[in-house]
Amino acid sequence: MDFNRWNLFWSVFFAVTAVIIIISNSLSIAVLLRQKLRKRSHYLLIDLAMADLLVGLFAIPLYMMCVIPDDTLVSTLTLDCVDMFTGFCSIFTLAVISLERLNAVARPLQHRTLSSRCYTVAIVTPWILSLIPTSSRVLLGSSVITIRSFVIVIIISFTTPLVIICTAYCVIWRKQASRLQNVVRASRSEARLSKTLFLITGTCVSTWLPFEVFVSIFHLCSPCKKVPYVVHVVIKLLHFSNSFINFIIYCLRIPDYREAVSEIFSRCKCVRATHRELYSFADSQTNIKHSYSVSGTLTLENFSYSFDQNV
């Protein structure tokens with residue numbers, strides 16, 4: 001099998017990735033909306049899961065339709081706009097989350113008094129900011145800006161939230177290191193959540209960085225465009241895989257989240273078992289009625305036959 005061209009192997013791999021992203025992020029949204037885990041800070045995680053869910057619903061299917069050989073079902077411009085919008089929304093959401101964690105650790109009393117309006121602004125802001133790099137791709141397709149200007153916009157859009165994230169978590173680490181060992185339980189919970197979100201940010205950067213470097217080099221260096229096709233596909237697959245890694249980290253790092261996911265699976269098993277019992281009960285009732293009707297018919301026939309003989 002030639003891996004330097006699109007084939008059945010890549011189709012199955014990307015399709016499975018899309019299914020995993022859809023299932024994992026749907027579970028994340030369902031779990032984080034539960035009453036036990038419903039906190040204002042978790043709405044930012046729901047916002048992140050929504051952006052990742054769009055990757056599985058739209059970005060990967062569009063990518064697969066765009067790279068099908070000898071058949072252009074979707075334009076490259078449409079694919080790039082959807083891919084960039086969902087991807088940068090995740091990055092900007094992580095930047096907002098890091099600022100929210102910094103406020104929770106550095107100013108815990110003020111953080112507890114934040115209004116719902118502040119969280120609404122924090123949720124909406126990444127979606128608005130994602131329109132900036134996406135619109136630059138539209139301008140590039142319309143020949144309004146050059147490729148160099150487009151790459152500059154992409155680099156700024158990626159490095160700015162990255163610098164914000166790194167700065168915020170460095171300050172968080174310093175604040176936590178300066179505290180006493182006998183901190184209260186709430187502070188420990190905030191610290192654990194901050195470490196979990198930092199781990200999520202680290203995986204996001206490690207999966208996104210190769211793709212961003214590849215795009216920048218691909219557009220600025222003409223000789224570099226002769227990269228093997230398998231390298232391009234693997235980097236893109238790594239980029240898409242970021243959308244379901246968060247679910248794995250949540251399960252490993254947040255006990256309440258893990259218990260809620262287990263409860264959802266156990267409920268699904270109970271529902272299946274109940275359906276099976278109902279179906280088996282209905283089948284048994286049908287068999288009883290059938291056997292009763294057959295036996296009743298035989299009895300009437302025997303009775304009529306014996307009656308005729310007596311007559």
Side-chain angles (χ1 to χ4, degrees), residues 3 10 12-29 44-64 66-67 79-98 101 126 129-130 133-134 137 151 154-166 168-169 194-219 227-254:
F3 291 101
W10 295 124
V12 172
F13 221 96
F14 276 82
V16 171
T17 302
V19 171
I20 294 174
I21 290 173
I22 293 172
I23 294 175
S24 60
N25 286 284
S26 298
L27 280 173
S28 295
I29 295 171
L44 295 174
L45 300 182
I46 297 173
D47 194 33
L48 180 62
M50 285 294 298
D52 291 333
L53 180 62
L54 294 178
V55 173
L57 289 174
F58 299 106
I60 296 182
L62 288 175
Y63 177 81
M64 294 177 65
C66 186
V67 298
L79 168 65
D80 290 344
C81 290
V82 174
D83 192 14
M84 291 174 61
F85 180 76
T86 55
F88 278 104
C89 186
S90 297
I91 294 177
F92 288 130
T93 302
L94 287 173
V96 172
I97 289 174
S98 66
R101 287 294 88 202
L129 292 177
S130 301
T134 305
R137 179 63 182 90
V151 173
I154 296 300
I155 293 175
I156 293 175
S157 300
F158 180 73
T159 55
T160 301
L162 184 61
V163 171
I164 293 174
I165 290 169
C166 292
Y169 281 111
S194 299
K195 291 179 181 178
T196 301
L197 296 174
F198 178 75
L199 184 61
I200 292 173
T201 304
T203 56
C204 177
V205 173
S206 61
T207 53
W208 257 79
L209 190 59
F211 177 71
E212 291 299 320
V213 173
F214 176 79
V215 170
S216 301
I217 295 176
F218 184 82
H219 284 93
V227 179
Y229 185 77
V230 64
V231 176
H232 172 268
V233 175
V234 170
I235 290 177
K236 193 63 182 177
L237 189 62
L238 181 65
H239 167 222
F240 284 142
S241 66
N242 171 70
S243 297
F244 67 83
I245 291 178
N246 297 344
F247 175 77
I248 300 174
I249 296 176
Y250 292 154
C251 292
L252 295 176
R253 295 281 304 176
I254 304 177

Worksheet entry | Separation between CG of Leu199 and OH of Tyr169, rounded to the nearest 0.5 Å | 10.0 Å
Practice prompt. State, to 0.1 Å, how close Ser90 and Asp52 come at their nearest heavy-atom pair, and which atoms those are.
Written response: OG-OD1, 3.1 Å
Worksheet entry | Nearest atoms (heavy-atom pairs only) where Arg137 meets Cys81 | CG-SG, 4.2 Å
Discussion item. For Pro126 versus Thr93, what's the shortest heavy-atom pair and its separation?
Written reply: CB-OG1, 3.4 Å
Item to complete: Report yes if the side chains of Asp83 and Phe58 come closer than 4.5 Å at any heavy-atom pair, otherwise no.
Response: no
Worksheet, complete the sentence: In this structure, CG of Asp47 is separated from CZ of Phe92 (nearest 0.5 Å) by 13.0 Å
Fill in: Min side-chain heavy-atom separation Phe13-Leu237 under 4.5 Å
yes
Discussion item. With heavy-atom distances below 4.5 Å as the criterion, would you say the side chains of Glu212 and His239 are in contact?
Written reply: no
Response to the item:
Contacts of Thr207 meeting side-chain hydrogen bond (donor to acceptor under 3.5 Å, both in side chains) (sequence neighbours excluded), chain-then-number -> Asn242
Practice prompt. Please report the C-alpha distance between Asn25 and Ser243 in whole Å, then the side-chain angles of each, then the deciding distance to 0.1 Å, and finally whether the side-chain hydrogen bond (donor to acceptor under 3.5 Å, both in side chains) criterion is met.
Written response: CA-CA 8 Å; Asn25 286 284; Ser243 297; 5.8 Å; no
Worksheet, complete the sentence: Ile164 and Ala95 have their tightest heavy-atom pair at CG2-O, 4.3 Å
Worksheet entry | Residue pair Phe158 / Trp208: nearest heavy atoms and the distance that separates them | CE1-CB, 3.9 Å
Response to the item:
dist Thr203:OG1 -> Phe198:CZ (nearest 0.5 Å) comes out at 10.5 Å
Worksheet item: Taking the side chain as C-beta and beyond, is there a heavy-atom pair between Phe240 and Val55 under 4.5 Å?
Response: yes
Worksheet entry | Close side-chain approach of Leu53 and Ile21, heavy atoms under 4.5 Å | no
Worksheet item: Are the ring centres of Tyr229 and Trp10 closer than 6.0 Å?
Response: no
Practice prompt. Identify the heavy atoms of Ile200 and Tyr250 that sit nearest to each other, and give their distance.
Written response: CD1-CE2, 3.2 Å
Fill in: Separation of Asn246 CG from Cys204 SG (nearest 0.5 Å)
7.5 Å
Worksheet entry | Contact check, side chains of Phe247 and Leu27, non-hydrogen atoms, under 4.5 Å | yes
Worksheet item: Between CE of Met50 and CG of Leu45, what distance do you get to the nearest 0.5 Å?
Response: 14.0 Å
Discussion item. Is there a side-chain contact (heavy atoms from CB on, under 4.5 Å) between Ile22 and Phe244? Walk through the geometry before answering.
Written reply: CA-CA 8 Å; Ile22 293 172; Phe244 67 83; over 6 Å; no
Response to the item:
To the nearest 0.5 Å, atom CD1 of Ile165 lies from atom CG of Leu94 at 5.0 Å
